[in-house]
Amino acid sequence: MTELTLYNSLKREKEVFKPMDPKRVTMYNCGPTVYSYAHIGNARAAVVADVLFRVLRHIYGKDCVKYARNLTDVDDKIIAAAKETGFPMYEITEKFAKIYQDDLAALNCLPPTSEPKATEHIGGMIALIETLLADGYAYESDGHVFFDVSKYDEYGQLSGNTLDALKKGDRVGEGEVARKKQSADFVLWKPERDGVGWNAPFGRGRPGWHIECSAMAKSELGETIDIHCGGVDLKFPHHENEIAQSNCAHGKPMANYWVHNEFLNMGKDKMSKSLGNVVLIRDLLKDWDGEVIRLALLKAHYRSELIWSENLLKESKKNLDDWYRVKNDCMRFAPNVKSKGNAETIDFFDDLDTPNLIKFLSDTGALQSLRNRLVHEGMTMQVQLEMQDALVIGYGIWLRTANLLGLLQKDPEDWLRGKGKEGGLSDDAIDNLIKERAEVRAAKNWSRADEIRGIFAAENIILEDGKDGTTWRRG
RNA sequence: GGCACCAUGGCGGAGUGGCUACGCAGCGGAUUGCAAAUCCGUGUACCCGAGUUCGAAUCUCGGUGGUGCCUCCA
């Protein structure tokens, strides 16, 4: 069986991945708080998790991987948004959950096997908090319930923080400190706000940020899961606190492997709302196909910073155009090749090395030359059949590799022709112009032929005169 | 202040001791009525300094520069 290694943030080293049960591999990914549009950084985290999901499915079998990604639908920001807009909370969260799912679908992200909502797991959270209170890991104070970090010796193991160090860098407000035994304690339950609250033995209120993931991971996947993933920024405090809660409540590790993806930035500046340089998935999708965005996100290794730029998108588009051209030609000679099956891409299973896999897709050497010779050269039937056999093998590996990355999922002709802009030439108009151009070319009326080419150029349509006539595509 | 990460050609990005990937862009040529596609050829790099070694982009130490986390954050 293919061996997958993963860099485990908890141990700070690469390890061979071994699931507790190969028939039921579990992964949990911290999903969004649904109160606004998702940005490209959210997309990176989701795409990385999706690639991991695809790889696990490839290795262990489609039905053997359980992937939960939560939707946080109760939170101060949502309450504030509800107050501001006058819409009820659930309308806001449902709207943006749908948008999130649609955006990710456009990036070829497979739906997770479950998408639990925080509000549907309040009971589980309350049960966890009760356990923590009963066992002395948590305490009540001024309508709140806090986790007492001094009761958990391992606290800080994920982020490398020590309680002493945390005290020095402490930026917690005075009000909070007054309620807590120590500033590093974090809130499990807080009082009702603006009518948002649930009844609990320790008082009516709403959950703190971290407890929801512990409750949902337990409910959807179990007390110990195989892989927990998310962005590096979640390492502390979010994941650190999840570990503390879950480990103390269950007496066993929350997750065996912690996988964190690095940040995406905008070159000089961090992407932030105050700088006004937040790039929304929704906006990018207006100008770029989702696969272009996906490829751009996968060009850097997930543990490296990714600098987002227009050039990165352009290059990704160019790569995909080339690959789709290869796919288009190969489909003519190897129509029965399936996208599912073995992919001989061993390197890829070394900590999800997407850049190396992209290299493999680009560096198609033998495949390209087979395809080019079949497309462009005349040859005897005997030679052609031999070459077709070789192409079926090479193309199969290539296509399945692309599939592992979630790329080349579309019909190549549709891809190459692209979507026309509103008010642009219709496909029929294009065909008619091509017909006219063929006629004037036959009459060697080059000025009219060039004029027609000019019309196409203005529409960003590229003509290709081949031996079987003229084809076109959008640039 | 504490913790962690990173530094390769115009751009992206492999490469953990020797043979200097790969892609994009560029340049020259073939082909084309002109193009596109395709093919052939081609330049450019390893942040700085010291050390280890026969030999370092790759190991060690020291700089410099950059980034993230320590507050909501993918």
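Naming: A, B, ... by sequence-line order, numbering from 1 per chain.
At the heavy-atom level, A:Ser304 lies nowhere under 4.0 Å from the strands shown.
Across the C1' atoms, B:G12 and B:U8 are found 12 Å apart, a figure rounded to whole Å. Taking atom C1' in both B:G17 and B:C46, the straight-line distance is 15 Å, to the nearest Å. Rounded to whole Å, the P atom of B:U42 lies 14 Å from the corresponding atom of B:U20. B:G62 and B:C39 are spaced 50 Å apart, taking the P atom of each and rounding to whole Å. The C1' atoms of B:A57 and B:G13 are separated by 14 Å, rounded to the nearest whole Å. Across the C1' atoms, B:G18 and B:U58 are found 11 Å apart, a figure rounded to whole Å. Nucleotides B:C11 and B:C48 have their P atoms positioned 15 Å apart, rounded to a whole Å. Look at the C1' atom in both B:G55 and B:C59: the space between them is 13 Å, to the nearest Å.
Ring-plane geometry between A:Tyr28 and A:His228 is classed as tilted, the angle between the planes lying from 30 to 60 degrees on a 0 to 90 degree scale. Using the six-membered ring where Trp is involved, A:Tyr37 and A:Phe96 have ring planes that are perpendicular, over 60° apart on the 30 and 60° scheme.
OP1 or OP2 of B:A37 has at least one side-chain nitrogen or oxygen of A:Arg473 nearer than 4.0 Å.
Comparing B:C22, B:A37, B:C69 by their closest approach to the side chain of A:Lys359 singles out B:C22. Of the listed nucleotides (B:C11, B:A74, B:C69), B:A74 has the atom at the smallest distance from the side chain of A:His39. Of the candidates B:A36, B:U67, B:G12, the closest approach to any side-chain atom of A:Glu305 belongs to B:U67. In this structure, the nucleotide among B:C34, B:C24, B:A37 sitting nearest to the side chain of A:Glu464 is B:A37. Distances were taken from every side-chain heavy atom of A:Asn319 (C-beta onward) to each of B:G23, B:A37, B:C34; the shortest belongs to B:G23. Picking from B:A25, B:A37, B:A35 the nucleotide with the shortest atom distance to the side chain of A:Lys318 gives B:A25. With B:A14, B:G12, B:A37 as the candidates, the nucleotide lying closest to the side chain of A:Lys299 is B:G12. Comparing B:C34, B:G13, B:A74 against the side chain of A:Ala300 picks out B:G13 as the nearest. Residue A:Leu312 has its side chain nearest to B:G12 when only B:G33, B:C22, B:G12 are considered. Taking only side-chain atoms of A:Asn356, from C-beta outward, the nucleotide of B:G33, B:A37, B:A21 with the closest atom is B:A21.
The two residues A:Ile211 and A:Leu188 come nearest to each other via the heavy atoms CG2-O, 3.8 Å.
Using a 4.0 Å cut-off between charged nitrogen and carboxylate oxygen, A:Asp102 and A:Lys98 count as a salt-bridge pair. A salt bridge links A:Asp142 with A:Arg179: the closest approach of a Lys/Arg side-chain nitrogen to an acidic carboxylate oxygen falls below 4.0 angstrom.
Base pairing annotation: B:C19 forms no Watson-Crick or G-U wobble pair, as no partner gives both donor-acceptor distances under 3.5 Å. The base-pairing partner of B:A56, taking Watson-Crick or G-U wobble contacts with both distances under 3.5 Å, does not exist among the strands shown.
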